[in-house]
Amino acid sequence: MGHSGFYNSAMSSIFDDDFFAPTDPMANVGDTLLHGLNDEQMRAVTLPDEHALILAGAGSGKTRVLTTRIAWLLQQQRVSPGGIMAVTFTNKAAKEMTARLSAMLPINVRGMWIGTFHGLCNRFLRAHYKVANLPQGFQILDTQDQLSAIKRLYKQFNINDDQFPAKQMQWFIGGCKEEGQRPGDVPVRDAESRKKVDIYQLYEEQCQREGVVDFGELMLRSYEILRDHPLVRQHYQRRFRHILVDEFQDTNRLQYLWLKQFVPEVGDAVPRNAIFAVGDDDQSIYAFRGARVGNMNDFVTELKVQHQIKLEQNYRSYSNILDSANALISHNTRRLGKNLRTDQGSGEPVRVVELPGDLAEAQWIVDEIKQLVRDGSARKEIAILYRSNAQSRVIESTLFNHAIPYRVYGGLRFFERAEIKHALAYLRLLDNPRDDTSFLRVVNFPPRGIGARTLEQLQDAARSGNTALVDAVQQVPGKAGANLASFVAKIDAMREQADQITLKEIVELVLDNSGLLEHYRNERDGADRVENLQELVNAAESFVSLEGFGKESAGMHQLDTSAAPAWPGESDAAAQDAANSASAAEVLPDGETLSPLAAFLTHAALEAGDNQAQAGQDAVQLMTVHAAKGLEFNNVFISGLEEGLFPHENSLNDYDGLEEERRLMYVAITRARQRLYLSHAQTRLLHGQTRYNIRSRFFDELPEECLKWITPKRAGFADAMPGYEGRWGGNQGDSWNRDVRQAVGQGSAEVVRKSEPGHGLKKGMRVFHTKFGEGTVQMLEGSGADAKAQINFSRHGVKWLALSVAKLTPID
DNA sequence: GCTGTAGAACTTTTT
DNA sequence: GTTCTACAGC
């Protein structure tokens, strides 16, 4: 059943009523539902209504299990669509789930809550905006907006950016929220942390005053409402019989706490419901942004999960690739334990190659790609993966020189582009004149004679009156004040017109009246920007049409505030419950609808859009390993497999870091279906200087029988390090690594065998540190892993550094 | 108020 | 080596 069928059924709403009637023509769809599932998948799909953890290995049909489970619940278990919530991390995943589901069943997906954590929280807060103490049309700050909001705060309160870098503060605030901490909950140790918490507090007040929320706030506030309002909580606990979670290993603390709110406690007098969590601890690669693999264990113990199923049958790769992945990941110690298997045969060996430099590496990859294409491979089935973005440049230019089409993932997304942000800022001001972030963004863009001086005056006035910028405009005297007033008048005029026209027309109006379009037309390289603005008009137009068809994808822009389920029985119970309670008002959603403009702005904030420029073209795919998660290709190149790069040097200081790097490598390997190529270079240009690297330790963790060395295998990490068995051994690895870097750095690219232990530093020696620059060793203390050195840096003064951690290079 | 130049950063990233 | 940010000068 295709999309058109789905829309038809959704629009006529026949299925909502008749879907399960015996006469229904689609009643036999379910017969084929479970067809083709293996035993493990079948067991998972048909588990009873209890909490379950599904350990789904790479390529094991995870999404299929999730969607089939939902379909099975709807059809066989007669669960109402309104009783199901499915949570993902990315819009892409949510969309895919929705699409697959509607292809599987002629069901109205709209009643279901399928979406990202943030999308669902947004939906929740819009529905309960009064309880949430937010304006109904609250706007969402993306990462850029959040940073500029913090910087604005710094100006206003004279906070020193050198002392508390705004970026770091942003990270701090985000981190607190992810842990579920309000300013009052953050432990304060010293004056510095006191100040940070104060800034956090000020930031919160500013957001509240302006009626905006950041991403973390969407989650945190939703969580707090559920936690603090038993009636609201019980309403949703009653409603959602089944909660399905994708990529569970990537959940942070707050997301886990939020999920748990949906599970009734003993004595809550709410019927039992079930969380069906799908995840893979071996693919947990987002600890750096707060993901807690530990949530998997906590989930099992705290909710007494009785059902755990491992999906270990892989449908993607040949066994040489799979065995490599299995062998590699077995070197991690903290695992739930899983071993992928395949029926596909061994396939080609994994090819390994060593090259003299990054350029030669790129050249080699390009040569191989040419061969693959000659042999009939589609270019889009070839992926080049790397650990960090900086590595793409050499590869890009080499591909370019050979006229091979390629596509780089990452970079700016559509809604993050400056010109789009400017346009959105105008649109936001139409919706909420008190949005100071947007006000400042465009008050003088395009330039209209409002300078920094004027704005300072304005901000002073606003601060002393404790008002929004827009309300302080009259207080600025003279020409400057007049300019400001005319800006505000212009916005007001647009707002007035906006009431009577379509969303598309509003966007066009703003682009014209603001002067944005004009500005970019006159700019030398403005053609792309003009095109993007035109694209924004198109986006607005199609957004309207989506609304018109009542299609609700992952974005949750369709604000279906009917939190009370449409299913007979359930809705009665919920309504009854609400009616019986004294504070029914807070339980039931505040059912007004959002204006199309506000909905569009929300959509823009929650879904930053594509960043793939030339999509659709048959091009070689370039991306970081992180970006490759969830994708698969016939041919995969993993480049830059060198110590310091992959595993990345910044991760080597702690054990968890190395294990995460290994999981990252595991993810990279398991992207390949047929052919896998691993390459490393002896030298590489990084940060403007040539670095000499030895091959990654990960090579020593792969089974020799699966590999084919294109260039001779030479001494590597394990050979040079006695006692290394592919396992992390405290800090010796790093000090050894430094020795090699020093030795190799002195000229020979040949791998050096470990000579003598220790750091090799002496008093009076000149050393170089990547952060602090040059300095002189003044004192040495301790030995081995505890060795420390006192170094006098010419630029940064005297510092004590732990030699097992700090990266020092002697200068001669 | 805009433009050019010096200085600093620089792993990975979704919402 | 590149790229973004911040401040000084026109």
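Every chain is numbered from 1 and lettered A, B, ... according to where its sequence line falls, protein lines coming before strand lines.
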Please confirm whether the shortest side-chain N or O distance from A:Asn252 to OP1 or OP2 of B:dT14 is below 4.0 Å.
no
So, is A:Arg289 close to the B:dT11 phosphate, meaning a side-chain N or O under 4.0 Å from OP1 or OP2?
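No, because none of the side-chain N or O atoms of A:Arg289 sits under 4.0 Å from OP1 or OP2 of B:dT11.
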Under 4.0 Å, heavy atoms only, any strand: does [X] hit a base, just the sugar-phosphate, or nothing?
| X | answer |
| --- | --- |
| A:Ile450 | sugar-phosphate |
| A:Asp142 | nothing |
| A:Asn389 | sugar-phosphate |
| A:Thr143 | base |
| A:Phe117 | nothing |

Exercise. Would A:Phe89 count as stacked on B:dT14 if the rule is ring centres under 5.5 Å and plane angle under 30°?
Worked result: no
Centroid distance under 5.5 Å and plane angle under 30°, A:His648 vs B:dT11
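Yes, the aromatic ring of A:His648 stacks with the base.
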Are more than 12 heavy atoms from other residues, nucleotides or ligands located less than 6.0 Å from atom CG of A:Leu153? yes
Contact string for nucleotides 2-10 of chain C, one letter per nucleotide 5' to 3', B = base within protein heavy-atom range under 4.0 Å, S = sugar-phosphate only, - = neither, reads S---S----
[atom1] spacing across the pair [N] / [M], given as an integer number of angstrom:
| N | M | atom1 | result |
| --- | --- | --- | --- |
| C:dC4 | B:dT13 | P | 16 Å |
| C:dT5 | B:dT12 | P | 16 Å |
| C:dT3 | B:dT14 | C1' | 23 Å |

Would you confirm whether the ring centroid of A:Phe698 sits within less than 6.0 angstrom of the ring centroid of A:His331? no
Answer with yes or no after comparing the ring centroid distance for A:Phe164 and A:Tyr154 against a 6.0 Å cut-off, counting only values under it.
no
Ranking A:Arg387 and A:Glu416 by the position along DNA chain B of their nearest nucleotide, the one closer to 5' is A:Arg387
Exercise for review: Evaluate the side-chain proximity of A:Asp250 to A:Gln255: yes if any heavy-atom separation is below 4.5 Å, no if none is.
Suggested key: no
Kindly indicate whether the side chain of A:Phe288, heavy atoms from C-beta on, has any atom under 4.5 Å from the side chain of A:His626.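 Side-chain contact under 4.5 Å: yes.
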side-chain contact (heavy atoms from CB on, under 4.5 Å) for A:Asn693 and A:Glu643? Distances and angles first, verdict last.
CA-CA 6 Å; A:Asn693 295 324; A:Glu643 283 296 306; 5.8 Å; no
